[in-house]
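Quick caveat, the model's predicted, so the values are computed rather than measured. Convention: sequence-line order gives letters A, B, ...; per-chain numbering from 1.
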There are 2 protein chains.
Amino acid sequence: MDEIKGLSEVFKLLGEPNRLRILLSLGLECRPVSAVIAATGLSQTNVSFHLRTLREAGLVRGEPNGPFVFYCLADPELLTLIEQVRHWQSGRVESAEENGATSSRAGRSAAPRRRQRASG
Amino acid sequence: MDEIKGLSEVFKLLGEPNRLRILLSLGLECRPVSAVIAATGLSQTNVSFHLRTLREAGLVRGEPNGPFVFYCLADPELLTLIEQVRHWQSGRVESAEENGATSSRAGRSAAPRRRQRASG
DNA sequence: TGCTCATATCAGGCGTCGCTCATATGATAC
DNA sequence: GTATCATATGAGCGACGCCTGATATGAGCA
């Protein structure tokens, strides 16, 4: 597989808010599905669905224990990476808020050149 | 905005293969759109579309120069973060290839418990 | 064996978004 | 002013994937 494609697939997995919530709810522990449901407030089937996706991608692993299945990160290093991006993003957000006096349009990063649509 | 939602949006932006290709084609330089098109092989309008998305999200900035618009990363730190994840991912890929003797089903991370669908 | 609880899976609906075609706009040269 | 080149934008289509409701399966207990 194309390397960049494979890399983008990791990002894509993390790019779904509820899936990211699920991963972060695990932290560095192994937790039963019910704990993930309680922590995220998502439905059981939705959690199960996302956990399957994460499991098949190799980001988490499931370990049966009696009637429970405990899920944890397959590699704790992933959490470190996520936290690094999180730290970077929070810095951007704070920086953007400091520039908050600009209008919402400017906040959307106006096109580099003046441009008007004739039909506009 | 919900912090995790905001974080997932960064990942989502990076989770689109062509958008990631565009970002990586910039590297640490400011480059005209035409260079991005040449480097990625994507159509002009598709590149422009993605650059707009990246620009509005604040990941890149565009600088007009004569008839050209040069784009670069708004924060070079982003490239560092991407490369870190890339390094992590390539380690996983190599590790998975070393375990390549397993069947494709096992490679897909079988469900934690034996499960058969009666209607299967 | 039947019941309860925990979890997984299936199928379908619907919203999101990547890409294309057509076209508009800005900058420069003649 | 016109032509050319570089780039941006609008609109629409089709693919994708999240979520839900229904249901299946496994484990434990009486």
Side-chain angles (χ1 to χ4, degrees), chain A residues 5 8-9 11-23 30-57 60-71 105 108-120, chain B residues 5 8-9 11-23 30-57 60-71 105 108-120:
Chain A
K5 182 96 179 358
S8 72
E9 284 179 4
F11 286 125
K12 189 177 217 176
L13 287 165
L14 303 174
E16 207 288 311
N18 288 327
R19 201 144 56 216
L20 186 57
R21 281 193 183 92
I22 289 169
L23 276 173
C30 291
R31 297 203 156 102
V33 176
S34 52
V36 175
I37 292 165
T40 58
L42 300 170
S43 70
Q44 178 266 315
T45 56
N46 201 6
V47 167
S48 205
F49 168 75
H50 283 301
L51 283 173
R52 177 186 184 169
T53 305
L54 290 165
R55 191 181 65 234
E56 292 183 345
V60 301
R61 63 175 194 272
E63 298 169 352
N65 184 5
F68 305 96
V69 186
F70 282 72
Y71 278 87
R105 166 148 318 168
R108 291 183 58 214
S109 185
R113 285 180 289 188
R114 183 188 306 274
R115 178 169 295 272
Q116 299 178 355
R117 193 76 174 177
S119 62
Chain B
K5 181 98 180 354
S8 72
E9 283 178 2
F11 286 125
K12 190 178 220 178
L13 288 165
L14 302 174
E16 207 287 311
N18 287 328
R19 199 142 60 217
L20 186 57
R21 282 193 184 94
I22 288 169
L23 276 173
C30 292
R31 298 204 156 103
V33 176
S34 51
V36 175
I37 292 166
T40 58
L42 300 169
S43 71
Q44 177 265 314
T45 54
N46 201 6
V47 167
S48 204
F49 167 74
H50 283 303
L51 283 173
R52 177 186 183 168
T53 305
L54 290 165
R55 191 182 67 236
E56 291 184 345
V60 301
R61 63 174 193 272
E63 298 169 354
N65 184 6
F68 304 97
V69 184
F70 283 71
Y71 279 87
R105 163 139 329 159
R108 290 183 58 214
S109 185
R113 284 180 292 190
R114 180 189 307 272
R115 176 168 294 271
Q116 297 179 356
R117 192 78 177 181
S119 63

Inset, instruction - To the nearest Å, give me how far apart CG (B:Leu42) and P (D:dT7) are. - result: 15 Å

Inset, instruction - Return the value, rounded to whole Å, for the distance between atom CZ of A:Phe49 and atom C1' of C:dA11. - result: 12 Å

Inset, instruction - Taking B:Ser48 for its side chain and B:Gln44 for its backbone only, find out whether a donor-acceptor pair lies under 3.5 Å. - result: no

Inset, instruction - Check whether any side-chain N or O of A:Arg52 sits under 4.0 Å from OP1 or OP2 of D:dG17, and answer yes or no. - result: no

Inset, instruction - Using whole Å, report how far NZ of A:Lys5 lies from C1' of D:dC16. - result: 12 Å

Legend entry - N/O (side chain, B:Lys12) to phosphate O (OP1/OP2, C:dC17) under 4.0 Å: yes

Inset, instruction - Verify the contact: side-chain N or O of A:Arg55 to OP1 or OP2 of C:dT9, cut-off strictly under 4.0 Å; return yes or no. - result: yes

Inset, instruction - Please confirm whether any donor atom in the side chain of A:Gln44 sits under 3.5 Å from an acceptor in the base of C:dA8, or the reverse. - result: yes

Inset, instruction - Give one of base, sugar-phosphate or nothing for A:Ser34, where a contact means two heavy atoms less than 4.0 Å apart. - result: sugar-phosphate

Inset, instruction - Could you tell me whether the phosphate oxygens of C:dG18, OP1 or OP2, come under 4.0 Å of any side-chain nitrogen or oxygen in B:Asn18? - result: no

Legend entry - Sugar-phosphate only, base, or nothing, as touched by A:Tyr71 at under 4.0 Å among non-hydrogen atoms: sugar-phosphate

Legend entry - Phosphate contact (C:dT20 OP1 or OP2) by B:Asn46 side-chain N/O below 4.0 Å: yes

Legend entry - Candidate nucleotides D:dT20, D:dT7, C:dT28, ranked by approach to the side chain of A:Ser43 - the nearest: D:dT20

Legend entry - Among D:dC19, D:dA6, C:dA22, the nucleotide that comes nearest once only the side chain of B:Phe68 is considered: D:dA6

Inset, instruction - Starting at atom NE2 of A:His50, determine the distance to atom P of C:dT7, rounded to an integer number of angstrom. - result: 17 Å

